[in-house]
Novice: 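Dropping a structure here in structure tokens format, bear with me for questions.
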2 protein chains.
Amino acid sequence: MPTKAPVLALKPPRDPATTKARILDAAEALFMEHGFEATSLRSITATAEVNLAAVNYHFGSKEELFEAVLTRRLDPMNQARVELLTRLEAQAGSSPLSCERILMALLIPALKLARDPERGGKDFLRLLGRAYADPAPFIRRFLSEQYAVMIARFKGAFARALPQLPRKELSWRLHFIMGALSYTLAGTDALKLIAELNPHESTNDEILLRRLAPFLLAGLEAPLPDLSAVTRELDGELGRTG
Amino acid sequence: MPTKAPVLALKPPRDPATTKARILDAAEALFMEHGFEATSLRSITATAEVNLAAVNYHFGSKEELFEAVLTRRLDPMNQARVELLTRLEAQAGSSPLSCERILMALLIPALKLARDPERGGKDFLRLLGRAYADPAPFIRRFLSEQYAVMIARFKGAFARALPQLPRKELSWRLHFIMGALSYTLAGTDALKLIAELNPHESTNDEILLRRLAPFLLAGLEAPLPDLSAVTRELDGELGRTG
DNA sequence: GTAGGATTTAAACGAACGTTTGAGCGAAGC
DNA sequence: GCTTCGCTCAAACGTTCGTTTAAATCCTAC
């Protein structure tokens with residue numbers, strides 16, 4: 001009895017390196033659903049059916065796991081964005097690329113990711129949208145590092161397409177674009193909207209390309225702020241005590 | 001010695017009902033900075049210089065405290081939005097209100113709140129933007145209840161201003177607007193941008209009214225999605241393996 | 001001035017958290 | 001055949017969390 005009796009325990013053939021992938025998949029889904037802080041390592045390892053210590057063994061810490069979850073998809077997606085932009089520029093030859101095409105280079109790789117359920121699909125984009133709004137310093141630092149190159153590349157392209165738009169204004173509009181995009185992708189509400197408004201439409205591809213793109217494109221090409229009559233008129237509202 | 005000797009303890013004159021307000025203020029700032037989950041009641045009560053049990057005594061639970069923090073500012077703000085919209089409609093008489101004015105009715109009350117530091121100011125709007133992206137079910141339920149009336153009111157106004165825009169499309173565009181707005185208000189990045197791009201501009205009022213508003217207005221009035229040549233051309237990109 | 005309800009206080013509760021430990025296991029390497 | 005190394009495992013670590021308790025204190029009204 002006190003000797004070893006490991007006889008009855010038939011163990012499922014051990015996963016060699018799939019443990020990391022199982023953890024990443026489970027973490028992606030759970031981080032997406034509950035956010036970073038509200039997701040425990042115990043729920044992740046239980047979902048992944050691995051030992052609790054596996055996360056710290058393979059990734060070091062919960063924060064590093066989170067970064068690994070993001071990197072796995074974000075890095076290829078941003079790379080695809082830059083590559084597509086470069087390809088379109090090459091196609092255009094010497095003539096400047098239109099805003100619409102540049103915008104498409106930004107949206108299409110995100111869509112390709114979204115419609116590929118085996119590679120994370122919508123779950124990941126929702127997680128990404130959440131991360132965009134997360135206050136945790138390590139998340140903000142990580143994201144701005146991941147995005148810096150891609151954003152700079154696109155800002156240059158947009159600047160060439162919109163030579164009359166001041167750089168300052170362009171920075172703001174790109175910021176608004178990323179805001180509307182991440183909010184839409186993250187949306188719990190967006191999913192509800194999709195269900196309500198598109199009971200039979202194909203996928204959410206339609207929404208992004210055919211609804212968000214025109215909206216963003218028009219915003220990008222909007223006339224410069226000019227302190228219109230309406231603005232001046234309503235400026236007084238700000239002073240009231242109401 | 002074992003008897004009471006409470007002599008030396010000179011206590012600062014007790015706050016009668018300011019305890020609740022101190023808690024709300026501290027919670028607002030800390031929830032804004034760290035998010036709901038990452039903020040502990042202990043840090044809140046320490047900041048507010050009240051006893052730990054005060055939160056559960058006055059508010060019942062951490063979740064109810066969070067809702068109280070939101071309600072205190074959100075309720076008046078949304079009410080002000082509806083009131084301003086109603087006032088503008090009355091001014092316009094029988095002629096339909098312009099999109100621009102409706103949009104202003106949405107933005108100006110948010111601005112008034114933002115520039116009033118004694119009433120929460122920017123801290124609260126950042127918190128609100130965060131809450132918009134928070135996955136916690138009780139937060140999502142609370143927000144959609146708080147916003148339902150106001151959003152429906154504005155959707156009706158926009159529908160009258162844009163009679164040619166299908167209702168479905170309008171719903172999406174309102175969603176995008178709220179996304180860009182909350183993202184901008186919540187922005188850790190936005191604050192960085194403000195510092196970088198506007199070293200001497202007055203306040204962030206300028207940003208909202210003069211940069212975001214034209215962007216959103218153009219998006220609202222954008223032409224209907226029409227499967228343009230560019231979209232069709234690039235649709236192929238979605239099928240590739242690359 | 002004393003009874004009673006409202007509020008504050010210090011202390012503790014049990015639970016859950018991220019992380020660490022050390023023994024155990026399986027498959028190469030010499 | 002023994003060692004070594006990568007990996008898994010159960011158990012425990014110490015901490016922190018939201019919440020609760022019961023006594024102490026304040027304020028008001030009788």
Side-chain angles (χ1 to χ4, degrees), chain A residues 2-24 26-27 30-31 33-69 134 136-139, chain B residues 1-27 30-31 33-69 134 136-139:
Chain A
T3 73
K4 10 175 166 174
V7 200
L8 288 186
L10 55 145
K11 48 198 64 165
R14 194 74 52 78
D15 328 309
T18 70
T19 297
K20 287 187 72 165
R22 297 174 64 84
I23 292 175
L24 283 172
L30 290 171
F31 281 144
E33 194 170 353
H34 306 111
F36 175 75
E37 296 280 352
T39 302
S40 69
L41 289 185
R42 283 170 172 82
S43 70
I44 292 174
T45 54
T47 303
E49 294 178 301
V50 301
N51 188 271
L52 169 61
V55 167
N56 289 282
Y57 177 80
H58 286 285
F59 296 95
S61 69
K62 187 186 180 186
E63 293 194 356
E64 288 169 284
L65 169 62
F66 189 78
E67 295 183 0
V69 167
D134 201 295
F138 87 94
I139 295 180
Chain B
M1 284 279 245
T3 73
K4 12 177 169 173
V7 200
L8 289 185
L10 56 143
K11 46 199 64 167
R14 194 71 53 79
D15 329 308
T18 71
T19 298
K20 287 185 74 164
R22 297 175 63 87
I23 292 175
L24 284 173
D25 289 338
L30 290 172
F31 280 145
E33 194 171 353
H34 305 112
F36 176 74
E37 296 280 352
T39 302
S40 69
L41 289 185
R42 284 171 172 81
S43 69
I44 293 174
T45 53
T47 303
E49 295 178 301
V50 301
N51 188 271
L52 168 62
V55 167
N56 288 282
Y57 177 79
H58 285 285
F59 297 94
S61 68
K62 187 185 180 186
E63 292 194 357
E64 288 169 283
L65 169 61
F66 189 79
E67 295 182 2
V69 167
D134 202 295
F138 87 95
I139 295 181

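Chain naming here is simple, since letters A, B, ... match the order of the sequence lines and numbering starts at 1 in each.
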Novice: Tell me: CD of B:Glu37 to C1' of D:dG18, nearest whole Å?
Specialist: 11 Å
Novice: If I take atom CZ in residue A:Phe66 and atom C1' in nucleotide C:dG18, what distance separates them, rounded to the nearest angstrom?
Specialist: 16 Å
Novice: Output the rounded distance in Å from CZ (A:Phe36) to P (C:dG18).
Specialist: 8 Å
Novice: A:Arg42 has an atom CZ; how far is it from atom C1' of D:dA11, in whole Å?
Specialist: 11 Å
Novice: Taking CZ from B:Phe59 and C1' from C:dT7, how many angstroms apart are they, rounded to a whole number?
Specialist: 14 Å
Novice: Nearest-nucleotide wise, let me know which of A:Lys62 and B:Leu52 is further upstream toward the 5' end of DNA chain C.
Specialist: B:Leu52
Novice: Select base, sugar-phosphate, or nothing to describe what B:Ala53 touches, counting heavy atoms under 4.0 Å on all strands.
Specialist: base
Novice: Any donor and acceptor pair, going by atom type alone, linking the side chain of A:Lys62 with main-chain N or O of A:Phe36 inside 3.5 Å?
Specialist: yes
Novice: Without decimals, in angstroms, what is the distance between B:Glu49 CD and C:dA10 P?
Specialist: 13 Å
Novice: Shortest non-hydrogen contact from A:His34 to A:Ala38?
Specialist: O-CB, 3.2 Å
Novice: Within the structure, does a side-chain N or O atom of A:Ser61 lie under 4.0 Å from either OP1 or OP2 of C:dG18?
Specialist: no
Novice: What's the closest nucleotide to the side chain of B:Leu41 if the choices are D:dA12, D:dT8, D:dT19?
Specialist: D:dT19
Novice: Please step through side-chain contact (heavy atoms from CB on, under 4.5 Å) for the pair A:Glu67 and A:Phe59, ending with a clear verdict.
Specialist: CA-CA 10 Å; A:Glu67 295 183 0; A:Phe59 296 95; over 6 Å; no
Novice: Below the 4.0 Å mark, does D:dT8 have OP1 or OP2 next to a side-chain nitrogen or oxygen of A:Thr19?
Specialist: yes
Novice: Check the phosphate of C:dT8 against B:His58, side-chain N and O only, distance under 4.0 Å to OP1 or OP2. Yes or no?
Specialist: yes
Novice: Which of these nucleotides, C:dC17, D:dC9, C:dT8, is closest to any side-chain atom of B:Asn51?
Specialist: C:dT8
Novice: Quick one: B:Leu65 CG to D:dC17 P, roughly how many Å, whole number?
Specialist: 15 Å
Novice: How long is the span from the CG atom in A:Asn56 to the CG atom in A:Leu65, to the nearest 0.5 Å?
Specialist: 9.5 Å
Novice: Rounding to an integer number of Å, can you tell me how far A:Glu63 CD sits from C:dG18 P?
Specialist: 11 Å
Novice: Below 4.0 angstrom from OP1 or OP2 of D:dT16, is there any side-chain N or O of B:Ser40?
Specialist: no
Novice: Hey, does the side chain of A:Asn56 come within less than 4.0 Å of C:dG18's phosphate (OP1/OP2), counting only N and O?
Specialist: no
Novice: With distance as the sole test, does B:Thr45 use its side chain to make a donor-acceptor pair with the main-chain N or O of B:Leu41 at under 3.5 Å?
Specialist: yes
Novice: Looking for any heavy atom pair under 4.0 Å, which part of the strands does B:Thr39 touch: base, sugar-phosphate only, or nothing?
Specialist: sugar-phosphate
